[in-house]
Asker: 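Take this structure first; my questions come after.
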Amino acid sequence: MADNQKVLDRVIIKFAGDSGDGMQLTGTQFTNTAAMLGNDLSTFPDFPAEIRAPQGTIPGVSGYQLHFGSVNIFTPGDECDVLVAMNAAALKANLRHLRKGGTIIANSDGFDPKNLRLAAYADGVNPITDGSLENFRLITIDVTKMTRAALTESGMGIKEIDRAKNMFVLGFLYWMYNRELDYTENFLNEKFGKKPDVLEANLKVLKAGYNFGETSETIADRYIVNPAPMAPGTYRNIMGNQATALGLIAASQKCGLDLFLGSYPITPATDILHDLAKYKHFGVTTYQAEDEIAAICSVIGAAFGGKLAVTTSSGPGIALKGEAMGLGMMLELPMIIINVQRGGPSTGLPTKTEQSDLFQAMYGRNGEAPIPVICATSPADCFAAVYESCRIAIEFMTPVIFLSDGYIANGSEPWRYPQAADLKEFKGNFITEVPEGGFLPYKRDEKLSRPWAIPGVKGLEHRIGGLEKAHETGNISYDPENHEFMVRMREAKVNKIADYIPLQTLDNGAEKGKILVLGWGSTHGAIKAAVKEAREKGMDVSHAQIRHLNPFPKNLGEILYNFDTILIPEMNTGQLCSIIRDKFMVPAIGLNKIKGMPFSTTEIFAKIEELATK
Amino acid sequence: MADNQKVLDRVIIKFAGDSGDGMQLTGTQFTNTAAMLGNDLSTFPDFPAEIRAPQGTIPGVSGYQLHFGSVNIFTPGDECDVLVAMNAAALKANLRHLRKGGTIIANSDGFDPKNLRLAAYADGVNPITDGSLENFRLITIDVTKMTRAALTESGMGIKEIDRAKNMFVLGFLYWMYNRELDYTENFLNEKFGKKPDVLEANLKVLKAGYNFGETSETIADRYIVNPAPMAPGTYRNIMGNQATALGLIAASQKCGLDLFLGSYPITPATDILHDLAKYKHFGVTTYQAEDEIAAICSVIGAAFGGKLAVTTSSGPGIALKGEAMGLGMMLELPMIIINVQRGGPSTGLPTKTEQSDLFQAMYGRNGEAPIPVICATSPADCFAAVYESCRIAIEFMTPVIFLSDGYIANGSEPWRYPQAADLKEFKGNFITEVPEGGFLPYKRDEKLSRPWAIPGVKGLEHRIGGLEKAHETGNISYDPENHEFMVRMREAKVNKIADYIPLQTLDNGAEKGKILVLGWGSTHGAIKAAVKEAREKGMDVSHAQIRHLNPFPKNLGEILYNFDTILIPEMNTGQLCSIIRDKFMVPAIGLNKIKGMPFSTTEIFAKIEELATK
Amino acid sequence: MSATTTSAEDKKFTSKELVTDQEVRWCPGCGDYSILKQVQTVVPDLGIPREDIVFISGIGCSSRFPYYMETYGMHSIHGRAAAIVSGLKCVRPELSIWMVSGDGDSLSIGGNHFIHLLRRNFDINLLLFNNEIYGLTKGQYSPTSHEGKVTKSTPMGSIDHPFNPIALALGANGTFVARSMDRDPVHLKEMLKRSHGHKGTSFLEIYQNCNVFNDGAFEIFTDKGTKKAETIIIEQDKPLIFGHNADKGIKLEGFKPVIVDLNANGNSANDLWIHDEKDLTKAGILSRFFDRPEDGADHLPRPFGVFYSADRSCYEDGLKDQIELAKSKKKADLDSILKGRETWVIG
Amino acid sequence: MSATTTSAEDKKFTSKELVTDQEVRWCPGCGDYSILKQVQTVVPDLGIPREDIVFISGIGCSSRFPYYMETYGMHSIHGRAAAIVSGLKCVRPELSIWMVSGDGDSLSIGGNHFIHLLRRNFDINLLLFNNEIYGLTKGQYSPTSHEGKVTKSTPMGSIDHPFNPIALALGANGTFVARSMDRDPVHLKEMLKRSHGHKGTSFLEIYQNCNVFNDGAFEIFTDKGTKKAETIIIEQDKPLIFGHNADKGIKLEGFKPVIVDLNANGNSANDLWIHDEKDLTKAGILSRFFDRPEDGADHLPRPFGVFYSADRSCYEDGLKDQIELAKSKKKADLDSILKGRETWVIG
Ligand SMILES: Cc1ncc(C[n+]2csc(CCOP(=O)(O)OP(=O)(O)O)c2C)c(N)n1
Ligand SMILES: Cc1ncc(C[n+]2csc(CCOP(=O)(O)OP(=O)(O)O)c2C)c(N)n1
Ligand code: SF4
Ligand code: SF4
Ligand SMILES: [Mg+2]
Ligand SMILES: [Mg+2]
């Protein structure tokens, strides 16, 4: 490689354009190419809130952020180094996320008077010509013109030609970052194999973009980002919702029970339904119910029938499931309730992320209705976390709530995927014949779990329901002592799970010290990066990330008591913080962000620094 | 009065019989007569869980407990002094609640072999003849025979005659407690005015019971219970659900807005619907919706239309309302959500009482959706508490959750009812014309409340919805900063209410000391009685009862910090306790009872004593 | 529910063996007792092993039913039984699933699941005990209570126009729609068998007397003095005849049902409306015999029997087909999906 | 909605004054644009002051509608608009209330409120934009999608038998049931006016093209080449005639609609089925023109127009009557009810 090339240890690129500009595809291609080269990475798409907001406007901007590097990458990144702006709206919407001195790659055709007006720039103002971007490195390319030029002889129509614009940009970026084209070429071959002219056009434009970099070398530097020191193994890239679907299928295979999904579509959970619907050959049933209540009730029916039953939704839909979740808990049937959290309250910000449904998961039911709660910390982690949720549901005969969120659901990262053979099997408490002394539907084992007696087994005919039930027999009981006993028993059963889950570990730092940053769910990456940086700067800070929110790992209290200050960053007003304060009587403090967006590393670092220097 | 009569300062009578035996009526009559005589009192009915469980069985027993005295009475009482048992099942179900040495008035006819069998006594066992009740004073009366004898000449059929049995018992008790018959005579006159033979029969049997006491004086002592030192004024007896209905009507009158109730029947809330349906002449609309979701949504519609809108339900129904409550909060429209709590979880114990929906009220929604929560402390207090709920809803443009429970809903007590003229008026933030500078639907006043602009006002046409909205304009906004601002604003608005509610006061005891018993809702009476007793015995204990659960009164923390120990008795596993620990970081401890029944004074006293002597 | 095919020997059990150890707790005189008895009489004859039978209910007096049936059972939450049976049938199509519900449970809070169940046509039997009242909550009007009905929640009379459950079920694309009553054990048993025999969602409305909160709601249909004049039993391929001496018939004038006197001159049973369960339009007319009568129209008897019965594929069959097809086309290889399309190796 | 009677001068406003300051955010080419335009055209002519008009919707692309109407409005939660308008109409019967909803919003999650709204017959207008898809959530099948439909959630095709919205509305005792389409502005405007004119719940199903997720679902009804053969406009007292040259008619043979060629010998428009909106049975047959065709039956055109229209009292009127009656009988004396029946004095 030429020696005027700079070696960087990480780069953040934001691809932004109109919904129709193909930025998601462009981003994914660059991502996969980076992955193949051994970079560590993390991505996050940024969809418009509307189905298709008007072309050229700010609400219509679709973005894709990629953070890749030769070092370990924990988040999609804070401020970006490079902003690809296919039109004026894309620039306007994203400029504030570009670091000072960062590079803008602007498609000049997207800054014509019409686009400028749609992006609501003042009359006569054009940011790419008026010098207002002097704090940045501006690379203006007339992508449309170039693309058309490359395809003059293709015989294709203008509309079709213009659709290849994103390949030009991709090609140019491949040049800039010294990437091979072969991954994308293969992809195009597969995708357009049956349409040779479209294929050829795309390949041509991709190369044209690359060559444009080569030939006009003056306008941009080239960079090298070397492979990252990742654990050896075979990797793939995966998004959170995808990993959730795979985790469910894997669990289904490993407990030997067919998977039943009862769901009603809702952003950002719907993709799990879409995904699972493709796995019918694994015996997966996806049932699109008439509403969320029907969805969870179908799950109760399927669980009664002896299957691995799951429902997926997001906040407003979960709210509707509260009553039936109580029934599931009372019946003591296994089921998994997945909440891919989004911005609330009410309809809120459907396409944005938030962690504000923790209280709902813990307390959002009538009566004393404890349900285990588990969360995932990253896109790939959805796999393990949902697998664990299934295990607990099945082994303890209980509903389990699994919390994901819009950030990890749509974000992606490399995943050293497991081998099927390495996944631990688990099995249901099935009872297949009448035990000596007679069958007692609510007789408990050492886990306090009851037997799973499914229709079809002779002699185990029995009735269950939502009224309070007598210990062991499960018959209706209005006895006051029995009620208290059973309420305590159901609580004890959930608490018992703590004996069957791993102890809390520290992600980073000493076991005793000044500051512990305690996180849950998708804040993992940002906290990890911030704590790493703080420790590198010599601050006394450790990091623990909770997966098991109910019950907590048995040693959590011990860990907390070893620190002077507990800092809990959350994308809500402080829900875990409340629970920790209540349970452990430690004056934990919150760092709260309620902007529909994940934390940046900087934000968390700043808070740590503030606390460390106090 | 004869001098062999004993003066008592309080008596607890439990009337128990088969559902068809008329025990509720008997109890109510005795209660009202006691009230007229100036006794303080408290009552609690104990309905069978089934509509009509089989006659003669334990599930079919219907009870009514009355506690009356010449001293202040705070609860329906713990163990009873007198147990009226109309049949064997009634005895069996209630004997454990009778104090040693207490009196049993048994209807011997209800202890025939059939009844004994239905009550599941062992073959040949009859408790009223086998001496097993020797620790009690047993008065056996063949009520059926006596009643029939009194009415031999009435010309009525046996079935009809037997229906008057309860009057015999009532007459006998009137004799025992030196009560006049006139209140009940008047009642019978009014009730059976149009059926002279039924009237005469009832009067006759009532007197026969009284005379039976007179003539067979040897079998029982007579007692005198003098009037209680109650605040001067005019009183009536009232049940909690009745007081709730009246409070809503009073609020409607005092804010000048018609009342709209949207509800779906559910035990134990339904009586509020029944009651309000009778007040159409007050402009009250009761709308029985198709389900709980429709009920609260109709309320949202009515609130948008400018009315005082209310929905009533119990735990499982409230669970269904969660999503719509979030919408109500987002729209910032006033509405009152009433939860008459019952035994949970799931269908639980529908006819029993519990306080286990506090978490649901505080946290049972998706996203950050704070809603004020208010509770009532006694049957009569439902009036003031729901009135206050209406005021806050209307003045702050917010949904308000009002928590009652089965215990106070069906219990009764004397009420020094207010005069209409003394009730404080309040009014809605209506806006009736376009303000200078234009109309902003989410512009806030000093209470952080927004204007109520109802359809029909020219120039104020505007749209509201569940998506996040921009400050002031209320237009849809996806802006991250605005979202955080609005989440904080909605929280601040609820917190602001603390400036407009009374400071927390102590019910009893010093402002600083060893133990504070902190209660909420219907535990008031039992705590009050227990603390009084403990203080009389010299223990350093105070009592505070919270009405405003969200936000808490501003001085609550101060009060808590003045005590070494905070004891929180709750009919749940410790929900307020969690919230207090979280908010104030005080190691409050819980006294928890989850038996579908209220606390007894003894239970609370015992815990205070334990803590005081530690 | 359609018949299953297990060997006859396996299945033998008696009505008594369907009785549970739980005390039946309906009010004395409640119509639910009779329905329970008929169900317990019919079920052993259906040739299904007891362990393959499931009764699922919502909440209400009627919904107590499963506790009294010694089969598998679930007493769920108010209005949701239809959704629960749907899920169960998806995964266990071989079971004989019976749903028991009330007019409030299925037509008020559960209305949505009710109509969706019918359109999806899961092969289950839905017994709706219609007592035109909320029994368990002690007497509020229900979506089938007639206008003007005075109840605890309507002291001045109901102003809600009621549903016509049969018409609603037809409108929701139900494939089997029938009506019977608690006080006609013979007819009820027949209808239970027919419901079982139909492959698809069998909707059986059963008029049930709530003698505590709505006593006599159906008295004219059950009382000896009025029954024959006020009811008509509809049977496949039979003319519509009713009356104390089977002396009245119904024929169609255009779309208008009119009553003819079979004793009068020139009227013959041959001219009468012949019942055809396959005819959706006629089923629609039958369903409207009692509401919306046009001015001057005849007062018609209430029909009992199978209004409509049609074949349509069941959801669970489509589901099974798709899963089998998918399985036949593609191997379920967990490793291959964990791996995905693209991987790379590090180290 | 029925006409109100305020003076004509008060109400004058233009279509432009119905446009809000919010940018319309549907996909370019979406059928919703046309519907919005027709509504904005029709509403000013109805003689209602703008401030007395309220648009209430659920969630979905269609439910964005209120944001674009400069009237009072509410964009509520998914499926619940029907319940909200019911509450509003109870307390503000004088308002002109329009509910806007989608096939998912009203027939999937909102199905229960939908059928209860129809039976209660609140005097409101319900515009259901049926695009046979979930638009906002990006393309899952809906309860009106046809069997076999391949969508994101049904990669092997849907196995749900769809609802027939018209039949469902009739089954739920709707008093006004009509259909129109986005691409026939003239007809749509007429139907909007008729909906407004009807006193009671006016249910108007509007076929709406979702050009992104279900493009062309109704193309045969809107495409010039096929429209005339595939649709039939039904009008009161007019014979059922359709076809490219108005050369085809429909007559009833018994209950079976058959197509006749009006050019052929012996066929005359006089023998055709004459549309009668008051006839529930005929409305039922019309509603079934496209599903459940019997074997060998004719392929029938899709009807557009008013299927059924009947007078029945509205819930809010009954409510008002009862309240007025109660008021006329009894004074509202707060002190007297606070006091109750029995009191006693202490001190
Ligand atoms: C979510 C919920 N809402 C309300 C109730 C109260 N409830 C129980 S049964 C019932 C209605 C009963 O009527 P129906 O379904 O006709 O049954 P029936 O008792 O008449 O047999 C109601 C309103 C409940 N248990 N759960
Ligand atoms: C409680 C709840 N469940 C699910 C959703 C997600 N959701 C929004 S709109 C919609 C369906 C939209 O379809 P339709 O009603 O036909 O409207 P369209 O977008 O097609 O106009 C769904 C499932 C939601 N917002 N709220
Ligand atoms: S209340 Fe009515 S329906 Fe319920 S058990 Fe009693 S009689 Fe039967
Ligand atoms: S997704 Fe379909 S229905 Fe929604 S706006 Fe786009 S074209 Fe219209
Ligand atoms: Mg009923
Ligand atoms: Mg749609």
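None of these values were measured; they are calculated from a predicted model. The sequence lines fix the lettering, A, B, ..., with proteins before strands; numbering per chain opens at 1. FYI, side chains are in, hydrogens and waters are out, and symmetry mates aren't considered; it's all heavy atoms of this structure.
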Asker: For chain B, which of A:V586, A:N339, A:I293, A:N482 has the most heavy-atom pairs under 4.5 Å?
Answerer: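 Answer, by heavy-atom pair count under 4.5 Å with chain B: A:V586.
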Asker: Is there a side-chain contact between A:M329 and B:P345 (heavy atoms, below 4.5 Å)?
Answerer: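 A:M329 vs B:P345: side chains touch.
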Asker: Do you know which of B:R365, B:M486, B:K593, B:M362 has the most heavy-atom pairs with chain A at a distance under 4.5 angstrom?
Answerer: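 The candidate making the most pairs under 4.5 Å is B:R365.
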Asker: Got a second to check how far B:R581's CZ is from A:R581's CZ, nearest 0.5 Å?
Answerer: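 B:R581 CZ to A:R581 CZ: 11.5 Å, rounded to 0.5 Å.
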Asker: So which part of B:E354 gets closer than 4.5 Å to some heavy atom of chain A, the side chain, the backbone, both or neither?
Answerer: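 B:E354 touches chain A through side-chain heavy atoms alone.
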Asker: Measure distances from B:I579 to the heavy atoms of chain A and classify the residue's part below 4.5 Å as side chain, backbone, both or neither.
Answerer: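 Answer is neither: B:I579 stays 4.5 Å or more from chain A.
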Asker: In Å and rounded to the nearest 0.5 Å, what is the CE to CD distance from B:M597 to A:E484?
Answerer: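 The CE atom of B:M597 sits 9.5 Å away from the CD atom of A:E484.
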Asker: Given a strict heavy-atom distance threshold of 4.5 Å, which part of B:S314 is in contact with chain A: side chain, backbone, both, or neither?
Answerer: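 When you check distances to chain A, no heavy atom of B:S314 falls under 4.5 Å.
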Asker: Side-chain contact, heavy-atom cut-off 4.5 Å: B:I594 with A:R488?
Answerer: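 Yes. Closest side-chain heavy atoms under 4.5 Å.
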Asker: Pick one of side chain, backbone, both or neither for B:E491, based on which atoms fall under 4.5 Å of a heavy atom in chain A.
Answerer: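 Side chain only.
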Asker: Side chain, backbone, both or neither: which part of B:I318 has a non-hydrogen atom closer than 4.5 Å to chain A?
Answerer: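 Contact with chain A: none, neither part.
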Asker: In the structure I gave you, are the side-chain heavy atoms of A:R342 and B:N366 within less than 4.5 Å of one another anywhere?
Answerer: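 In short, these two side chains do not touch, never coming nearer than 4.5 Å.
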Asker: At what distance, to the nearest 0.5 angstrom, does NZ of B:K595 lie from CG of A:D479?
Answerer: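 Between B:K595 NZ and A:D479 CG, I get 9.5 Å after rounding to 0.5 Å.
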Asker: Hey, which of B:S346, B:G596, B:C577, B:P587 has the most heavy atom pairs under 4.5 Å with chain A?
Answerer: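 Option with the greatest count: B:S346.
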Asker: Is B:N592 close to chain A through its backbone or its side chain, or both, or neither, when contacts mean heavy atoms under 4.5 Å?
Answerer: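 Answer is both: backbone and side chain atoms of B:N592 are under 4.5 Å from chain A.
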Asker: Could you look at B:M585 and say if it's the side chain, the backbone, both or neither that has a heavy atom under 4.5 Å from chain A?
Answerer: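 B:M585 touches chain A through backbone and side-chain heavy atoms alike.
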Asker: For chain B, which of A:G322, A:G466, A:G364, A:A319 has the most heavy-atom pairs under 4.5 Å?
Answerer: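 Heavy-atom pair counts peak at A:G466.
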Asker: Heavy-atom pairs under 4.5 Å with chain B are the metric here; pick the option from A:K469, A:Q355, A:K583, A:Q575 that has the most.
Answerer: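 When all of A:K469, A:Q355, A:K583, A:Q575 are compared, A:Q575 has the most.
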Asker: As an exercise: rank B:T573, B:L320, B:V487, B:L327 by heavy-atom pairs under 4.5 Å with chain A and give me the winner.
Answerer: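 Top count of heavy-atom pairs under 4.5 Å with chain A: B:T573.
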Asker: Looking only at heavy atoms, what is the nearest atom pair of B:G367 and A:D357, with distance?
Answerer: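 In this case the closest contact between B:G367 and A:D357 is N-OD1, 2.7 Å.
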Asker: In terms of heavy-atom pairs under 4.5 Å, which option from B:P480, B:G326, B:G344 contacts chain A the most?
Answerer: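 Most heavy-atom pairs within the cutoff with chain A belong to B:P480.
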Asker: With rounding to the nearest 0.5 angstrom, report the OH to OH distance, B:Y363 to A:Y363.
Answerer: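 One gets 6.5 Å once the value is rounded to the nearest 0.5 Å.
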Asker: Can you measure from CG (A:L349) to CD (B:E468) and round to the nearest 0.5 angstrom?
Answerer: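 A:L349 atom CG to B:E468 atom CD measures 5.5 Å (nearest 0.5 Å).
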